[in-house]
Amino acid sequence: MEILVCVKQVPDDSVKIGLNSSGKPAVDGVTMVANAFDTYALEMATRLKEANEGTITVVAIGPEKAKDALKSCLAVGASKAYIVNEDGLGDMDSLTTGYTLSKAVAKIEELNGAKFDIIFCGKETTDCTTGMVGAQLAERLGIGCVTGIVDIELKDGGISVKQETEEGYNVVETSLPAVVTVNKPAYDPRYPTMKSKMAARKIPIGEISKADLGVEDDKIVPSVKVISLSEPPKKQAGVKINEKTFEDTMAKAMEILKDAKVF
Amino acid sequence: MYILDEEGKDLLSTVKEFCEKEVKEQCKEYDVSGEWAEEMYQKAGEMGLNAIEVPEEYGGIGISRTTYAALYEEMAKADAGFFTTMAVTNLTLKPLIIGKRDDLAQKAADILINGGYGAFCLTEPMAGSDASNNKTTAIKKDGKYVLNGRKCFITNGGIADFYIVTAMTDKEKGVKGMSAFYVEKGTPGLSVGNEENKMGIRTSNTTDVVFEDMEIPEDCLIGKEGDGFKIAMQTLDMARAVMGIGAVGVAQRCIDEAVAYSKQRVTFGQPIGKFQAIQFMLADMEIKTETARQMSLHALKLQDEGLPYAKESAIAKCYAGDIAVEVALDAIQILGGYGYSREYPVEKLLRDAKIFQIYEGTNQIQRTVISRAVMGKF
């Protein structure tokens with residue numbers, strides 16, 4: 001089974017990021033990591049591979065530095081990696097990312113000499129959080145897509161997945177090839193071993209340029225324009241209610257809520 | 001500050017993340033209970049932390065001493081008991097390499113690589129600093145050695161998959177009658193005795209190890225009969241600088257905790273870190289810690305270069321152990337009443353720091369080693 005996992009390198013999501021003087025996210029000096037949901041996708045893919053058989057390839061669109069994210073993936077289950085050099089691709093929105101990825105899929109399939117059976121994506125990235133790229137990619141490839149899955153198994157030549165919903169989960173079965181986007185499963189991504197980490201550094205990462213992709217220039221013009229960015233408002237200091245009795249405290253709280261026209 | 005190559009930095013960030021997420025907080029609970037942190041150690045074993053010193057020729061990762069020192073400091077920063085378990089496990093391969101027993105070293109390396117543990121059984125109730133006073137005997141009989149005796153304060157004693165054991169093959173000859181043996185877990189006559197209820201490094205396992213008419217094959221002898229003391233001393237010489245790094249890890253954690261507190265705790269209208277009294281304490285803590293780190297790294301570098309390192313290893317271990325205790329006391333002082341409280345992490349650091357003045361040769365023994373090197377025979 002041929003598996004592809006799409007990975008984006010993002011700023012460490014445990015760091016609080018504000019805006020710099022030019023109104024852009026102040027990410028200088030923030031460690032770049034593989035998007036958390038993509039690491040869940042890779043772990044799920046690795047478990048599927050271990051339970052059955054197959055090869056996992058990872059792909060990222062980004063600068064040279066994004067190879068670090070791919071290397072970390074090579075230490076925890078992936079055995080091949082490709083980077084699509086972002087030079088010439090301009091600003092990307094989810095639509096152009098989905099399109100570019102679909103071209104990358106075709107290119108990697110050509111290089112590998114095999115079609116992908118399952119393409120895993122994180123359900124969203126922790127930096128832009130659009131949650132659309134997986135579905136856009138499936139659309140461009142003309143194959144099915146199940147979003148927000150938390151479990152997967154092979155069934156009758158296809159897959160059976162659990163798709164998380166507000167109330168619980170749907171069990172969805174589909175034929176292959178297909179794209180799945182992954183939510184946080186019940187388990188955590190594994191740690192690399194000292195050995196796999198060192199071995200991963202020695203695996204060459206395939207480079208794909210804009211020219212290799214054969215993208216059409218009018219299809220990489222973003223439809224979404226970011227007008228401006230603003231930081232979330234600072235949390236206001238709350239009101240402390242500390243009356244003598246519990247009853248008085250409740251009465252005061254109700255009064256405040258009434259004044260605020262909450263009800 | 002460590003000077004690492006890209007590979008080293010990569011490994012360091014992996015170990016740092018593991019220690020932050022899987023060791024640091026978890027150890028608070030195990031420090032109180034003294035129980036074996038099964039899940040944490042299982043994960044560490046899977047990562048290969050039990051085998052970071054294993055050379056490439058035995059299937060290990062073969063990283064430089066500087067690199068594994070950086071990894072050890074991260075472990076010690078998170079928890080000194082965790083560091084101790086890992087460092088001692090890695091140490092147990094050394095006597096087999098020193099004794100030129102490639103076959104046994106390979107066996108041991110395979111165990112460590114698969115997440116197993118080793119224990120180094122030298123200390124006895126009446127033979128600590130005076131290791132030459134070993135009472136355990138090994139009598140050769142019908143192509144076998146029969147061991148009798150009791151070892152104490154053995155790190156990993158209750159969890160080891162193999163033991164390096166010193167015993168007297170000829171009592172008359174004193175230290176020249178001591179030999180070293182490789183003993184596998186489960187050997188009839190081998191049993192684990194009392195587990196120590198320790199002041200610090202409570203996440204490490206420390207027990208008595210007892211031999212009662214324990215028979216082991218003749219080829220479990222490491223080196224020749226009479227080589228045991230020499231092998232043990234060379235092992236400790238090599239390992240001492242690593243212990244220095246462990247102490248540095250504890251001291252660094254003290255600094256980290258004290259700095260964080262100094263920035264946040266307000267007295268007389270400003271954070272206490274704005275007062276020179278605190279700034280100078282922190283500066284002194286840093287001077288000591290960085291000096292101990294560089295001394296330990298220097299001792300390891302001498303090993304890399306094939307130069308004599310016994311004196312420098314002793315200086316590193318002795319100095320780092322001493323300053324770890326001083327720095328831990330200072331951290332408690334900076335945190336004041338909170339530093340004395342078990343709700344805050346620094347009192348544990350003092351309890352952990354103290355062991356570095358005691359184990360793998362007390363700091364008095366280190367000073368003996370150093371003064372002998374300085375003065376020579378006269």
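Protein chains get the first letters and strands the later ones, always in sequence-line order, with residue 1 at the start of each. Just so it is clear, the values below take in all heavy atoms, side chains as well, and ignore hydrogens, waters and symmetry mates. It should be emphasised that the depicted structure is a prediction, and the values quoted were computed from it without experimental measurement.
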- request: Measure the CE-CZ distance between A:Met194 and B:Phe18 for me, rounded to the nearest 0.5 Å.
  value: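 Those atoms lie 9.0 Å apart.
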query: Using a distance-only test with no angle check, is there a side-chain donor-acceptor pair under 3.5 angstrom linking B:Glu22 and A:Tyr191?
result: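 Side-chain D/A pair, B:Glu22 to A:Tyr191: present.
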Heavy-atom count check: over 12 atoms from other residues, nucleotides or ligands less than 6.0 Å from [X] [atom1]?
{"X": "A:Glu50", "atom1": "CD", "value": "yes"}
{"X": "B:Asp256", "atom1": "CG", "value": "yes"}
{"X": "B:Lys301", "atom1": "NZ", "value": "no"}
{"X": "B:Tyr2", "atom1": "OH", "value": "yes"}
{"X": "A:Lys252", "atom1": "NZ", "value": "no"}
{"X": "A:Asp28", "atom1": "CG", "value": "no"}

- prompt: Is it the backbone or the side chain of B:Glu7 that comes under 4.5 Å from a heavy atom of chain A, or both, or neither?
  reply: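 For B:Glu7, heavy atoms of backbone and side chain both lie under 4.5 Å from chain A.
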query: If we only count heavy atoms from C-beta on, is the A:Asp188 to B:Lys21 side-chain gap below 4.5 Å?
result: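 No, their side chains stay 4.5 Å or more apart.
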field: Side-chain heavy atoms of A:Lys197 within contact of B:Asp10, under 4.5 Å
entry: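 Yes, close enough: below the 4.5 Å cut-off.
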query: Among B:Ile61, B:Ile63, B:Ile113, who wins on heavy-atom pairs under 4.5 Å with chain A?
result: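 Option with the top pair count is B:Ile61.
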- prompt: Between A:Lys195, A:Arg190, A:Met198, which has the largest tally of heavy atom pairs under 4.5 Å with chain B?
  reply: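 With the most close heavy-atom pairs to chain B, the winner is A:Met198.
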